[in-house]
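All values reported here derive from a predicted model rather than from experimental measurement. Convention: sequence-line order gives letters A, B, ...; per-chain numbering from 1.
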2 protein chains.
Amino acid sequence: MFQLDFKSGVPICDQIVNGFIKLKALGVLKGGDQLPSVRALASKFSVNPNTVQKSYAILENSGIIYSVKGKGSFMSDDETAANAVLESARLEFMAAVRHANDLGLDVDEMINLIKQNSTTKEDGDK
Amino acid sequence: MFQLDFKSGVPICDQIVNGFIKLKALGVLKGGDQLPSVRALASKFSVNPNTVQKSYAILENSGIIYSVKGKGSFMSDDETAANAVLESARLEFMAAVRHANDLGLDVDEMINLIKQNSTTKEDGDK
DNA sequence: TCGCTGTACCAATCATAATAGTACAGTTAT
DNA sequence: ATAACTGTACTATTATGATTGGTACAGCGA
């Protein structure tokens with residue numbers, strides 16, 4: 001399970017949404033897997049159930065999970081949703097590239113930074 | 001001069017800060033160039049002078065500009081400040097890379113996206 | 001029926017951005 | 001000296017969004 005960073009400034013509900021998207025991308029959660037209940041996750045993270053519910057609503061509207069009253073919330077196995085996530089990730093990434101470019105970072109250095117990051121991961125991460 | 005996007009959700013003062021950093025990175029403004037006065041820029045953008053003043057204070061604390069009471073605000077020609085901006089841009093960019101990775105975007109695709117973007121810019125942008 | 005699940009409200013709280021207004025200090029030119 | 005500009009410093013207020021707290025309803029399963 002993922003962690004929350006309460007002092008990061010990133011809204012809690014966004015962190016929860018991204019947390020489950022990440023677990024899906026990593027293969028930790030697969031289609032059909034059940035998510036914690038709204039109340040259970042709220043208790044675990046010591047946040048308000050409404051906040052978790054909001055996150056689940058966002059995830060369901062995106063097609064990433066589906067919820068059944070009385071049963072629970074489950075990871076969707078719809079590939080369309082995963083593709084939508086990828087597409088939004090592309091758009092978000094391109095915005096970051098443009099912003100970095102505005103701040104004076106050129107394309108070659110960005111590529112170098114990415115490559116460095118991936119190699120350091122291979123070497124000594126966890 | 002840059003534009004403000006009031007419906008983007010990005011705080012006005014941040015947009016102003018980034019706007020001047022961009023103008024510096026692009027070489028439009030160089031060390032010693034005078035910035036518009038707080039009141040003039042506020043009037044031009046139809047925002048509150050306090051908002052502009054906040055932006056200028058951020059820029060001055062970062063060493064990107066320097067202000068003299070009664071005279072005005074000017075672009076700094078201190079390379080240290082520019083380097084600090086570049087370094088923060090690197091950190092910010094790496095955070096975006098990690099986030100995109102969390103969402104399932106792999107390193108190769110990010111590099112391809114950057115290269116595509118730079119080539120399309122050469123082709124048909126302004 | 002009981003206990004769990006998701007869902008839907010609404011009001012209150014908290015933090016931050018932005019506004020509005022005023023005042024003070026330094027520079028420049030007349 | 002005066003006027004008109006510059007940056008700077010406050011305080012108070014408004015607006016917005018995230019979060020919380022609480023309650024209520026609806027569906028599922030033992």
Side-chain angles (χ1 to χ4, degrees), chain A residues 1-21 29 31-76 78 81, chain B residues 1-21 29 31-76 78 81:
Chain A
M1 187 64 51
F2 49 89
Q3 301 287 329
L4 294 186
D5 184 356
F6 289 94
K7 56 188 184 315
S8 69
V10 180
I12 306 293
C13 63
D14 290 355
Q15 292 188 45
I16 294 174
V17 168
N18 287 326
F20 282 112
I21 290 177
L29 287 180
D33 287 350
Q34 183 165 10
L35 277 64
S37 77
V38 169
R39 291 168 179 80
L41 194 61
S43 172
K44 175 184 173 69
F45 283 148
S46 298
V47 297
N48 194 286
N50 286 331
T51 304
V52 177
Q53 204 282 326
K54 188 177 178 184
S55 302
Y56 279 22
I58 292 172
L59 287 167
E60 182 165 24
N61 287 334
S62 307
I64 299 164
I65 70 173
Y66 63 93
S67 298
V68 185
K69 273 186 187 176
K71 294 193 69 176
S73 300
F74 307 85
M75 293 303 295
S76 167
D78 183 6
Chain B
M1 187 62 54
F2 48 89
Q3 302 286 331
L4 294 186
D5 183 355
F6 290 94
K7 56 189 185 315
S8 68
V10 181
I12 307 292
C13 63
D14 291 355
Q15 293 188 46
I16 295 175
V17 168
N18 287 325
F20 282 111
I21 289 177
L29 287 179
D33 287 351
Q34 184 166 10
L35 277 65
S37 77
V38 169
R39 291 168 178 82
L41 194 62
S43 173
K44 176 184 172 71
F45 283 149
S46 299
V47 298
N48 193 284
N50 287 331
T51 305
V52 177
Q53 204 281 327
K54 187 177 177 182
S55 303
Y56 280 21
I58 292 173
L59 287 166
E60 183 165 23
N61 287 334
S62 307
I64 298 164
I65 70 173
Y66 64 92
S67 298
V68 184
K69 272 186 186 176
K71 296 193 69 173
S73 301
F74 307 85
M75 293 302 296
S76 167
D78 182 7

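Every residue two or more places apart in sequence or in another chain that forms a ring-ring contact (aromatic ring centres under 6.0 Å, His included) with A:F20 is listed here: A:F2, A:Y56. Remark: B:E60 pairs with B:I65, B:S67 by the side chain to side chain contact (heavy atoms under 4.5 Å, CB included) rule, at least two apart or across chains. With sequence neighbours left out, the side chain to side chain donor-acceptor pair (under 3.5 Å) criterion links A:S55 to no other residue. A:Q53 is linked by a side chain to side chain donor-acceptor pair (under 3.5 Å) to nothing, counting only residues two or more places apart in sequence or in another chain. With sequence neighbours left out, B:N18 forms a side chain to side chain donor-acceptor pair (under 3.5 Å) with no residue at all. Residues satisfying the side chain to side chain donor-acceptor pair (under 3.5 Å) criterion with A:S37, sequence neighbours excluded, are absent altogether.
First and last contacts of DNA chain D with chain B, using any nucleotide atom under 4.0 Å from a protein heavy atom and ordered 5' to 3', fall at D:dT6 to D:dC10. Along DNA chain C, read 5' to 3', the first and last nucleotides having any atom under 4.0 Å from a heavy atom of chain B are C:dA17 to C:dT28.
With a 4.5 Å cut-off on side-chain heavy atoms, A:D33 and A:F74 do not count as touching. Two residues are said to be in side-chain contact when any heavy atoms from C-beta on lie closer than 4.5 Å; B:L59 and B:I21 meet this criterion.
Residues of residues 50-67 of chain B having a heavy atom closer than 4.0 Å to DNA chain D, listed by number: B:N50, B:Q53, B:E60, B:S67. Contacts between residues 6-18 of chain B and DNA chain C, counted as heavy-atom distances below 4.0 Å, involve B:P11, B:I12, B:C13.
Heavy atoms only, all atoms of each residue included: A:G72 and A:Q34 are closest at CA-NE2, 3.9 Å.
Residue pairs meeting the salt bridge (Lys or Arg N to Asp or Glu O under 4.0 Å) criterion with at least one partner in residues 3-18 of chain A, sequence neighbours excluded, are A:D5-A:K7.
Between atom NZ of residue B:K54 and atom CD1 of residue B:I12 there is a gap of 11.0 Å, rounded to the nearest 0.5 Å.
Nearest-nucleotide positions on DNA chain D place B:A40 closer to the 5' end than the other of A:K69 and B:A40.
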Using atom types as modelled, flag every donor-acceptor pair under 3.5 Å from a side chain in residues 39-51 of chain B to any protein atom, sequence neighbours excluded.
from: B:N48; atom 1: OD1; to: B:N50; atom 2: N; distance (Å): 2.8
from: B:N48; atom 1: OD1; to: B:N50; atom 2: ND2; distance (Å): 3.4

